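Report on the following structure.
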Amino acid sequence: MSAQLKLEKRGHIAIVTMSNPPANTWTRDTLAGLKELVNELNGDKEIYSLIITGEGEKFFSAGADLNVFADGDKGVAADMSRVFGEAFETLSNFRGVSIAAINGFAMGGGLEVALACDIRIAETQAQMALPEAKVGLLPCAGGTQNLAWLVGEGWAKRMILCGERLKADKAEKIGLVEEVVEQGQALEAALALATKVEDQSPVAVTACKSLIQKGRTGTIDSALPLERELFVTLFDTQDQKEGVNAFLEKRKANWVNR
């Protein structure tokens with residue numbers, strides 16, 4: 001990857017580090033790079049989970065560099081909103097488990113990338129906000145939708161319409177993050193959680209994730225028949241046979257992600 005978006009693979013885990021000092025801001029190139037990277041990882045059968053974190057001790061990511069929007073060019077705005085949306089929607093649709101290790105300030109597009117992940121782990125000193133309205137903008141990379149889905153309409157309105165910034169403990173209390181850890185421990189906690197994913201069948205995880213996320217756009221009446229259909233479809237996979245027989249034989253399953 002580029003110098004501003006670093007990739008490391010540890011067994012079945014991919015670690016993506018945002019590296020654009022001083023605030024790990026997103027650029028058009030890094031957003032396009034993230035989309036490409038996630039698509040590549042989707043094709044790597046050995047990768048079961050993805051962790052995204054920020055380089056340094058202060059920032060997870062401060063989002064977009066506002067200098068890009070300073071001249072009010074609508075063409076630039078349209079292009080950047082498109083690449084932001086495509087990058088984070090691709091991340092949201094990653095076939096495995098995605099975990100945001102929030103190691104500092106997560107602002108604007110920096111919080112939106114965390115919202116696009118399945119699970120969020122924040123360090124105690126982390127702070128989170130969607131402050132776009134303070135500069136005459138709005139969260140255009142899923143923020144208005146994903147935040148409301150996670151924390152409810154009331155808290156989404158407090159953060160977006162009132163510009164409220166949350167510390168990690170409050171974020172955990174309202175369901176914005178699932179876990180808070182000590183400073184410097186977010187990546188280790190994310191790795192520990194990602195290691196647990198390895199005990200699950202990768203194809204079953206993909207099917208389960210698609211069903212859970214279907215609840216955002218569909219109805220329970222449409223999801224329940226699909227749930228049963230995907231259950232039966234798993235019987236076409238090698239991992240289904242391996243998983244059941246490993247359990248019956250009291251041994252660890254050897255997943256092939258097929």
Side-chain angles (χ1 to χ4, degrees), residues 6-18 34 37-38 40-54 60 88 90-103 106 113-124 126 128 146 149-150 168-169 171-216 227 230-231 233-234 237-258:
K6 300 176 180 178
L7 172 65
E8 176 187 358
K9 293 182 180 180
R10 298 188 191 180
H12 298 298
I13 304 168
I15 303 170
V16 178
T17 303
M18 298 173 285
L34 179 65
L37 173 59
V38 175
E40 289 177 0
L41 293 174
N42 274 333
D44 186 343
K45 295 292 186 180
E46 292 301 311
I47 295 299
Y48 301 167
S49 57
L50 182 164
I51 297 170
I52 188 162
T53 193
F60 174 71
F88 295 172
T90 300
L91 175 60
S92 183
N93 292 323
F94 172 61
R95 59 163 172 73
V97 177
S98 55
I99 306 169
I102 304 173
N103 59 306
V113 71
L115 292 172
C117 292
D118 299 314
I119 299 163
R120 286 148 295 281
I121 299 173
E123 295 181 4
T124 53
M128 286 147 270
N146 291 332
W149 181 259
L150 279 173
D169 58 345
E172 183 182 31
K173 184 176 181 180
I174 69 171
L176 177 52
V177 303
E178 285 71 42
E179 184 179 358
V180 175
V181 297
E182 294 301 315
Q183 185 169 358
Q185 296 300 307
L187 180 56
E188 290 305 313
L191 285 166
L193 190 59
T195 300
K196 292 182 180 181
V197 176
E198 297 176 13
D199 291 332
Q200 316 287 95
S201 159
V203 291
V205 164
T206 299
C208 290
K209 177 175 172 176
S210 68
L211 286 164
I212 293 168
Q213 295 190 172
K214 184 175 176 59
R216 299 182 181 186
E227 187 179 65
L230 291 181
F231 175 80
T233 300
L234 288 175
T237 70
Q238 296 178 50
D239 278 353
Q240 179 276 322
K241 298 176 182 65
E242 170 63 13
V244 171
N245 283 286
F247 176 81
L248 294 174
E249 295 166 11
K250 297 181 172 57
R251 61 176 174 81
K252 185 177 177 64
N254 181 28
W255 306 122
V256 294
N257 201 4
R258 291 179 178 83

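The model shown is predicted, which means the values in this text are computed figures rather than measured ones. Residue numbers count from 1 along this sequence.
- Here the closest non-hydrogen pair linking Val177 and Ala168 is CG2-O, 4.1 Å.
- Applying the ring-ring contact (aromatic ring centres under 6.0 Å, His included) criterion to Tyr48, with sequence neighbours excluded, gives His12.
- With a 4.5 Å cut-off on side-chain heavy atoms, Val97 and Leu50 do not count as touching.
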Could you give me the CA-CA distance, side-chain angles and deciding distance for Val16 and Ile51, then say whether side chain to side chain contact (heavy atoms under 4.5 Å, CB included) is met?
CA-CA 6 Å; Val16 178; Ile51 297 170; over 6 Å; no
From CA spacing to verdict: side chain to side chain contact (heavy atoms under 4.5 Å, CB included), Ser98, Val38:
CA-CA 10 Å; Ser98 55; Val38 175; over 6 Å; no
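- Between Ser92 and Asn146 the shortest side-chain heavy-atom distance does not fall below 4.5 Å.
- Distance CG/Leu193 to CD1/Ile119: 4.5 Å, rounded to 0.5 Å.
- Contact record, Leu234 with Ala207: CD2-CB, 4.5 Å, taken as the closest heavy-atom pair.
- For the atom pair CG (Leu37) and CG (Leu7), the distance works out to 5.0 Å, reported to the nearest 0.5 Å.
- Taking each heavy atom of Lys209 and Gly96 in turn, the nearest pair found is NZ-O, 2.9 Å.
- Within the structure, every pair that satisfies the salt bridge (charged side-chain N to carboxylate O under 4.0 Å, His left out) test and touches residues 237-258, not counting sequence neighbours, is listed here: Asp199-Lys252, Glu242-Arg251, Glu249-Arg251.
- Summarising the geometry of Ile99 relative to Ala194, their closest heavy-atom pair is CD1-N, 3.9 Å, with the distance given to 0.1 Å.
- Considering only residues two or more places apart in sequence or on other chains, Lys45 meets the salt bridge (Lys or Arg N to Asp or Glu O under 4.0 Å) condition with none of them.
- Scanning all heavy atoms of the two residues, the minimum distance from Ala114 to Ile102 falls at CB-CD1, 3.9 Å.
- For the atom pair Ile15 CD1 and Leu191 CG, the distance stands at 4.5 Å (nearest 0.5 Å).
- The two residues Ala101 and Thr53 make their nearest non-hydrogen contact at O-OG1, 2.8 Å.
- Ser49 meets the side-chain hydrogen bond (donor to acceptor under 3.5 Å, both in side chains) test with no other residue; sequence neighbours excluded.
- A donor-acceptor distance shorter than 3.5 angstrom exists from the side chain of Thr206 to the backbone of Pro202, with no hydrogens or angles considered.
- In this structure, Leu230 CG and Lys214 NZ are separated by 9.5 Å, a value rounded to the nearest 0.5 Å.
- Salt-bridge formation is not detected for the pair Glu8/Lys6: no Lys NZ or Arg NE/NH1/NH2 atom is positioned less than 4.0 Å from an Asp or Glu carboxylate oxygen.
- Annotation: salt bridge (charged side-chain N to carboxylate O under 4.0 Å, His left out) contacts involving residues 172-189, sequence neighbours excluded, comprise Arg120-Glu178.
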Steps toward side chain to side chain contact (heavy atoms under 4.5 Å, CB included) verdict (Phe60, Val113):
CA-CA 10 Å; Phe60 174 71; Val113 71; 3.7 Å; yes
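- A 4.5 Å side-chain heavy-atom check between Leu34 and Phe88 finds at least one atom pair inside the cut-off.
- Residues Ile13 and Glu198 are in side-chain contact: their nearest non-hydrogen atoms beyond the backbone lie under 4.5 Å apart.
- For Asp44, the salt bridge (Lys or Arg N to Asp or Glu O under 4.0 Å) partners at least two apart in sequence or on another chain are Lys9.
- In this structure a side-chain-to-backbone donor-acceptor pair under 3.5 Å is missing from Asn42 to Phe94.
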Go through Leu187 and Asn103 one step at a time and tell me if the side chain to side chain contact (heavy atoms under 4.5 Å, CB included) criterion holds.
CA-CA 8 Å; Leu187 180 56; Asn103 59 306; over 6 Å; no
